[in-house]
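Note that the coordinates shown come from a computational prediction; the quantities given were computed from them, not determined experimentally. Keep in mind that the numbers below use all heavy atoms, side chains included, and drop hydrogens, waters and symmetry copies. As the structure lists them, so they are numbered: ligands from 1, and atoms in each ligand from 1.
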Amino acid sequence: MTLNEEISCIINKEQVDVVDDNDENKITTQFNSIVSSLPQPKKLIVGYALTLKKTKSFLQPKLENLARSKGIVFVAIDRTIPLSEQGPFDILLHKLFGKEWRENLEDYRQKHPDVTVLDPPDNIQHVCNRQSMLQDVAALNLSNCYGEVGVPRQLVINGDPASISDEVAIAGMSLPLVAKPLLVDGSLKSHQLSLAFDQFSLSKLDPPLVLQEFINHGGVLFKVYIVGDAIKVVRRFSLPNVNGLEMLDVAGVYRFPRVSGSAASAEDANLDPEIYEHPPRPLLEMLAKELRHRLGLRLFNMDIIREHGTRDHFYVIDINYFPGYGKVPEYEHIFTNFLLSLMQNKY
Ligand SMILES: Nc1ncnc2c1ncn2[C@@H]1O[C@H](COP(=O)(O)OP(=O)(O)OP(=O)(O)O)[C@@H](O)[C@H]1O
Ligand SMILES: O=P(O)(O)O[C@H]1[C@H](OP(=O)(O)O)[C@@H](OP(=O)(O)O)[C@@H](O)[C@@H](O)[C@@H]1OP(=O)(O)O
Ligand SMILES: [Mg+2]
Ligand SMILES: [Mg+2]
């Protein structure tokens, strides 16, 4: 007799027999034991190694609750114990900096090819250096009927601050320039940017850094969040345009705070439609698909700006690994669907 037949037999029996209390208990026990012997759906165990700040912003109750209802369990990784002594895990989520952690994780990844590590440490390193971060966008040279996507001209400065002005002149770069720390290492310092308005003040900058030409973009930027195949775009306030006349009046280096990281969303702001209209979806889809593949990453975001006065000239100015997904509307659905899809593809 099949299991189904056995269960329906018991249920039918319960309906037709005249049962006393004892019989009823027996039937219930028998029924429970059959149900518990049925194969239980396998839980998806996701280990995570994140900073406290990230854990708080990412692992919100709405994500954990939805995940639990879909059979996904998040388990914190203990960094004081070797990774291979923990688990078993199906998926490993991580964003921690430092060579020791990277090597530890790479070693674990080699020994446990069955565990999906999001994402491979070497691929993450590539976007933690602003010299290599945008190389793949530049190489892609995306241009089609929906628009063009490029990167601002940029120059890496490693040496003496006194020679920056000469290096900029030789490279033929135009002011103003955005100065960004070369390495993104999770520190506040790596997000301390400045705008240099004149060539004399360039010597005040603190290498190693990347100098990027400032692109006027109407004070709005688009954060394009990628989670596997899913794309979610949000609008944020950014630096205002700088015009030539104003440039004559301003000199020096202006250090600016993390404008785009602030919670202030530009979603409902009353803006010029030419500025606030999202980049065309098909263009973003092509870009995301290519970059996922070229960067070998599934969890990242891009900061994209539209060159002021154009409809379809876009620049990628920044790529971040495992960004602040907690700020993205509906992220709990996007993320849990993504985790489940990883397992479906695997089996
Ligand atoms: N080339 C550029 N032209 C115009 N504005 C720029 C340019 N580069 C950066 N900005 C402005 O400076 C802000 C910060 O730059 P960027 O995103 O590169 O820094 P970040 O520290 O990596 O930021 P995040 O917090 O997103 O990681 C941008 O959001 C944008 O407002
Ligand atoms: O501040 P949030 O948590 O929202 O996330 C930010 C994230 O910080 P966190 O990883 O410590 O959380 C940053 O990472 P690091 O470069 O400092 O490693 C960077 O990715 C930002 O771009 C994220 O902001 P978003 O681009 O999503 O607005
Ligand atoms: Mg940015
Ligand atoms: Mg960044």
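Looking at Val316, Val210, Leu188, Ile215, it is Ile215 that brings a heavy atom closest to atom 3 (N) of ligand 1. When Arg153, Arg236, Lys180 are checked for heavy-atom proximity to atom 8 (N) of ligand 1, Lys180 turns out nearest. Scanning Lys53, Lys54, Lys327 for the heavy atom closest to atom 11 (O) of ligand 2 points to Lys53.
Annotation for ligand 1: atoms under 4.0 Å from non-hydrogen atoms of Arg130 are 18 (O), 19 (O), 20 (P), 21 (O), 22 (O).
Asp312 meets the salt bridge (charged side-chain N to carboxylate O under 4.0 Å, His left out) test with no other residue; sequence neighbours excluded.
Separating the CG atom in Leu140 from the CD atom in Gln135 is a distance of 13.5 Å, to the nearest 0.5 Å. In this structure, the separation between CZ on Phe97 and CD on Gln125 is 8.5 Å, given to the nearest 0.5 Å. Here the NE2 atom belonging to His333 is positioned 10.0 Å from the NZ atom belonging to Lys232, to the nearest 0.5 angstrom.
In this structure, Glu213 counts as a contact residue of ligand 1, since one of its heavy atoms falls inside 4.0 Å of the ligand. Ligand 1 lies within reach of Lys223, whose nearest heavy atom is under 4.0 Å from it. Judged by the shortest distance from any of its heavy atoms, Phe97 lies inside the 4.0 Å radius around the atoms of ligand 2.
Here's the thing with Asp318: none of its N/O atoms is less than 3.5 angstrom from an N/O atom of ligand 2. Close N/O approach between Gly324 and ligand 2 is found [any backbone or side-chain N/O within under 3.5 Å].
Sorted by chain and number, the protein atoms of type N, O or S within less than 2.8 Å of the Mg ion (ligand 4) are Asp318 OD1, Asp318 OD2, Asn320 OD1.
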